[in-house]
Each structure stands twice: as C-alpha cells, then as structure tokens.
Amino acid sequence: MPKPRQQFLCNQCGSVHPKWYGKCPDCGTWDSLESYQAPTEDKHRTSVDRTGTDPADGAQALTLDQIDTETVNRISTGIGEFDRILGGGIVPGSTTLVGGEPGIGKSTLLLQVAGVLGHRTESSRPISVLYVTSEESARQTKLRARRIGLQATHLRVLAETNLERILHQVRQHRPDVVIVDSIQMIYRPDLPAAPGSVTQLRDCCMQLVYYAKTTATAVIVVGHVTKAGTLAGPKIIEHIVDTVVYFEGDRFHSHRIVRCVKNRFGSTHEVGVFEMTGDGLREISDPGSLFIHAHAQPTSGTLLTAAMQGSRVMVLEVQALTASSVIGAAKRKTSGVSNDRVSMILAVLEKRCDMRLAADDVFVNIAGGVKVIEPAIDLAIALAIASAHINRPVAPGTLAVGEMGLGGEIRPVPQLQARLKEASRLGASQAIIPPIGPDIPPLNGMAIHEIRRINQALAAL
Ligand code: TYD
Ligand code: MG
C-alpha cells in the first residue's frame, strides 16, 4: 500500500496544496492551511466506493434521450418558507448544508422541519425522519421538541457522534430524511485526524453524500460558521453538497433570514424569512413592512429601497451617517452592503457631484440585518450618504432604486415594475428611479421621478 501523502487543505476555500503556506495561495486567507491526509486509492475504495471494484459494474454513458426525465418528487416540508429556499421542497437523494453562527436557530428550524415531516399522514406513506444530534443529548432534543410543540410519530432521535454507528442506525431504520446536527461534531474512527478537523469534515460529508445518492435518501447537515475558530468552516464542504443555505444576520434581531447560496435543483437564490418566538421559528411569508420603520420625525441619511431577494421584492431601509474624522484616517464602515461598492459610490459622489467626503467617516447600514449584494441599491446608498452629508432629511416614504455607473449615470435594474408595485403597496410616497418606459404599474398615487444622472437625483432631494 502506498504511503499516505501529507498534504495541506485550506479550511476556507478547500484547496489542497503539497506544502504549507502561511497564506492560502488560492483564496489569500492567512493561517488557514491544515495538515490533511489525502485518502490513498485503496482506502478510498473501501470507505467511499463500496459498490465493488469491477469498473464494468459502474454507470453507463447515456445519450440525453436515454436519460429518464421523470420529474423529481420533492418532499414538501410543510414549512412554506423552507420549501421556498430549497426551490419547492427537499429532493430525495440530495444533500443540503444548513450553515450559520451558533445560536442563530439551525437546530430549531431543522427540528421543526423534522417534526412536520414526521407527523404528516396525508401521503400514502408517512415520511420517516432520523434526527442525529451530535451536539446535544437526546433528552435536550426532546425538551426542545416539547418546547416547540412537536408531536411527530415518525421522528427518531439519535444522539451519536461516530459516523459508522450513525450509518448503522440509518441502514437499520431506512429513514426518508436524515438530519445531522452538526457535521462538525461527527467523526470517523478510522481516520487519524481529530473530530472537527478538515479531514474528518470532508470525509464524513462525502460518506453521507454517497449514502444519500445511492439510497435516494435526503440528507440535511448542519455546519457552524466559525470566525477563525478551531472547527473547520462549512465552506470546504459547500462544493460536495447539492444545496447550501445560510442563516444570515445576527441573533440580536428577532427575525431570521435564511438564504440559499447554492442549489443544484433550483434556479434562483431564494430567501426565507422567519421570526424566532418563544415556541420556535415562525415563518413570515409576507415580510412586507417588517424591515422598514416609521420614523417619528424625518431623519437625514435614511431612505427606502427595494431589493430583489430571490424571486421576492423586499423593501428595506438604507441608512447612512457621515461624521468628520481624524485627518487622514477616514473610516468607511458598512453593514449589509459591500464595502467596495460603498467606496465606489463615495468616489462617484466626490467626482461627479462635487461632494467633499474624503475627510469624513462614512457609515452605511441596511436596517434589520439584511444583506444586499445587487447593485440596484446603489442609488439609494448614494442618496442616503448625500442626505447625511448635507444633513437634510429625505421626504418620508421616498424610495430610490437604480444602479450607478462610474460616470454618475443611473442604469436600469431588473424587475423595476415589481419593485415599484411592492413599494407602493407598502405605502411609499415617491420613487426616484432610472427611466422606466411606458408600462408603469398602478401605484396608489406614488409619485415617480425618472432620472438619468446622480446630479438630477440630488436636485430632487
Ligand atoms: P438553536 O436552534 O439552538 O441555534 P443553533 O442550532 O443555530 O446553534 O437556537 C438558538 C436560540 O434560539 C437560543 O438562544 C434560544 C432561542 N430559542 C427561542 O427563542 N425559542 C425557541 O423556541 C427555541 C427552541 C430557541
Ligand atoms: Mg444547534
């Protein structure tokens, strides 16, 4: 048997390197390479590929016509927002990673999903669920289940951390859905690496994916997102699993946003909204005005924008604050939007609108802990910063949507009609947008200002 090769795996991006570097050559993270023992050919065969060794037994190459296109029978979880994130339900044979910071509600959500699935009787065969809890005891899980009022008859709980034993139980009970909470705490005793290390994480995950694929079982694994902690981050298993969803925001808000960042069975990156209550997570199918706030008096630096979150429009509040800074050390801090994007917007404001911001600290925030990556909110950020800078409030209920180019031009954004419709439904009074064309939806009296350049928008303030 060949000697196992010593390699180094980045716990951020998952790249493998033949020697150790202080900084990962692929993703640039410092101190992220950990020693990793690549499975040798033989070991791989016994652990992952249990189907035998004759290559002739393997899958055959097929033409597209020969491939069965019978529609995937998704298992609806009965929790609308969770189904939405997954693109309509859990796909048998798929592996889903649910990530998030500790205490954000991963176990609560999955126990609720397990409870609803395990309780259903309307289909001919109820859906059996095995909930593997590797962090809490079975008793703790039962207490939590009682707290959130579950009465699932087809739900089994297993408190175990050894993957061999977990798979033994799984093969014995053959559940339709296996939930592993969390993947970082389970280990394979035959690997030399410590539980929680990248080697364990990757190999355990591979083995679960292999089990899911060969038996058409849906597997959901929980992974903690750690801030440079000792446990390997879930990033390195993202490419192994089919679907990745992350809890966003922080645990100081009562609502939770769950975003799908990868889905091999769905087209859009959907977002689900939940609220953490005394008895578990409650789904919020219409977030509506959840993220906007009626201010008692007009405040400078605050206005509304409408962002696409998956296929849904969310009306959000953008807030900016500028304050004079120590000379030469201006800070730019953002929350919910990209720092780079804000720097670009500041540069455009300086250059095209003659606004002196270089000596100011600038803070930009999306209220409610929502994260927005689309450039369609550029205009709202620019106007919020401008309003804060000149210290003049924007009229209450003003919405701004539009992408901003480096020349200060305002560009059209996708789904503008849908955004305006949602904003008018929530009572926005005026909208500053790029030219919209002839088909304007009915807007409940919301005034529209079409602009082509950022200067025009500032004049409209
Ligand atoms: P948990 O699901 O354990 O988080 P994770 O698995 O992501 O680490 O939930 C954590 C928090 O949620 C915990 O601080 C308590 C709170 N919580 C409620 O507010 N209501 C509830 O019904 C439950 C079960 C938890
Ligand atoms: Mg947990």
Just by distance, no angles: are the side chains of [X] and [Y] close enough, under 3.5 Å, to form a donor-acceptor pair?
{"X": "Glu34", "Y": "Ser197", "answer": "no"}
{"X": "Arg264", "Y": "Thr243", "answer": "no"}
{"X": "Asp361", "Y": "Ser325", "answer": "yes"}
{"X": "Ser335", "Y": "Asn365", "answer": "yes"}

Glu374: partners by side-chain contact (heavy atoms from CB on, under 4.5 Å), with sequence neighbours left out: Ala307, Met308, Val372, Ala376, Arg419
Who pairs with Ile436 by side-chain contact (heavy atoms from CB on, under 4.5 Å), at least two apart in sequence or on another chain?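 Expected list: Leu416, Gln417, Leu420, Ile433, Ile440, Glu450.
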I'd like to check Ser338 versus Ile373 (side-chain heavy atoms, cut-off strictly below 4.5 Å). Are they in contact? no
Is Phe247 close to Leu109 at the side-chain level, that is, under 4.5 Å between some pair of heavy atoms? yes
Going through the distances and angles, do Phe274 and Glu81 end up as a side-chain contact (heavy atoms from CB on, under 4.5 Å)? CA-CA 8 Å; Phe274 298 89; Glu81 287 294 284; 3.6 Å; yes
Quick one: [atom1] on [X] to [atom2] on [Y], what's the gap to the nearest 0.5 Å?
{"X": "Lys421", "Y": "Met446", "atom1": "NZ", "atom2": "CE", "answer": "12.0 Å"}
{"X": "Asp242", "Y": "Leu86", "atom1": "CG", "atom2": "CG", "answer": "11.0 Å"}
{"X": "Leu191", "Y": "Arg202", "atom1": "CG", "atom2": "CZ", "answer": "12.0 Å"}
{"X": "Tyr21", "Y": "His17", "atom1": "OH", "atom2": "NE2", "answer": "7.5 Å"}

Give the intermediate values and the outcome of side chain to side chain donor-acceptor pair (under 3.5 Å) for residues Tyr246 and Glu238. CA-CA 11 Å; Tyr246 278 116; Glu238 274 186 0; 2.7 Å; yes
Sequence neighbours excluded - side-chain hydrogen bond (donor to acceptor under 3.5 Å, both in side chains) pairs with any residue from residues 275-288: Glu275-Arg282, Thr277-Asp279, Asp286-Arg425
Applying side chain to side chain donor-acceptor pair (under 3.5 Å) to Thr302 and Glu317, what does each step give before you reach the verdict? CA-CA 7 Å; Thr302 297; Glu317 190 175 305; 4.6 Å; no
Which is it for Arg332 and Ser343 under the side chain to side chain donor-acceptor pair (under 3.5 Å) test, yes or no, and what are the steps along the way? CA-CA 8 Å; Arg332 272 80 226 266; Ser343 302; over 6 Å; no
Checking side-chain contact (heavy atoms from CB on, under 4.5 Å) between Val177 and each of Ile75, Thr96, Val113, Thr217, which is the one that passes?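 It is Ile75, the one option of Ile75, Thr96, Val113, Thr217 that forms the side-chain contact (heavy atoms from CB on, under 4.5 Å) with Val177.
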For Ile183, run the side-chain contact (heavy atoms from CB on, under 4.5 Å) check against Ile220, Leu208, Val222, Val219 and tell me which one passes.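 Per the side-chain contact (heavy atoms from CB on, under 4.5 Å) rule, the option paired with Ile183 is Leu208, out of Ile220, Leu208, Val222, Val219.
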Ignoring hydrogens and geometry, is there a side-chain-to-backbone donor-acceptor pair from Lys262 to His269 under 3.5 Å?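 Here the side-chain-to-backbone pair does not exist.
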Using a 6.0 Å cut-off, check whether atom [atom1] of [X] has over 12 heavy atoms from anything other than its own residue.
{"X": "Lys213", "atom1": "NZ", "value": "yes"}
{"X": "Leu62", "atom1": "CG", "value": "yes"}
{"X": "Ile448", "atom1": "CD1", "value": "yes"}

Extract all donor-acceptor atom pairs below 3.5 Å that involve side chains of residues 379-401 and protein atoms in other chains or at least two apart in sequence.
| unit_1 | atom_1 | unit_2 | atom_2 | d |
| --- | --- | --- | --- | --- |
| Ser387 | OG | Gly301 | N | 2.6 |
| Ser387 | OG | Arg392 | O | 2.8 |
| His389 | ND1 | Asp360 | OD2 | 3.3 |
| Asn391 | OD1 | Ser300 | OG | 3.1 |
| Thr398 | OG1 | Ala395 | O | 2.5 |
| Thr398 | OG1 | Gln430 | NE2 | 2.9 |

Only pairs at least two apart or in different chains count here, so list each salt bridge (charged side-chain N to carboxylate O under 4.0 Å, His left out) that has a residue in residues 302-311.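 Listed once each, the pairs would be none.
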Asp65: what forms a salt bridge (charged side-chain N to carboxylate O under 4.0 Å, His left out) with it, not counting sequence neighbours? none
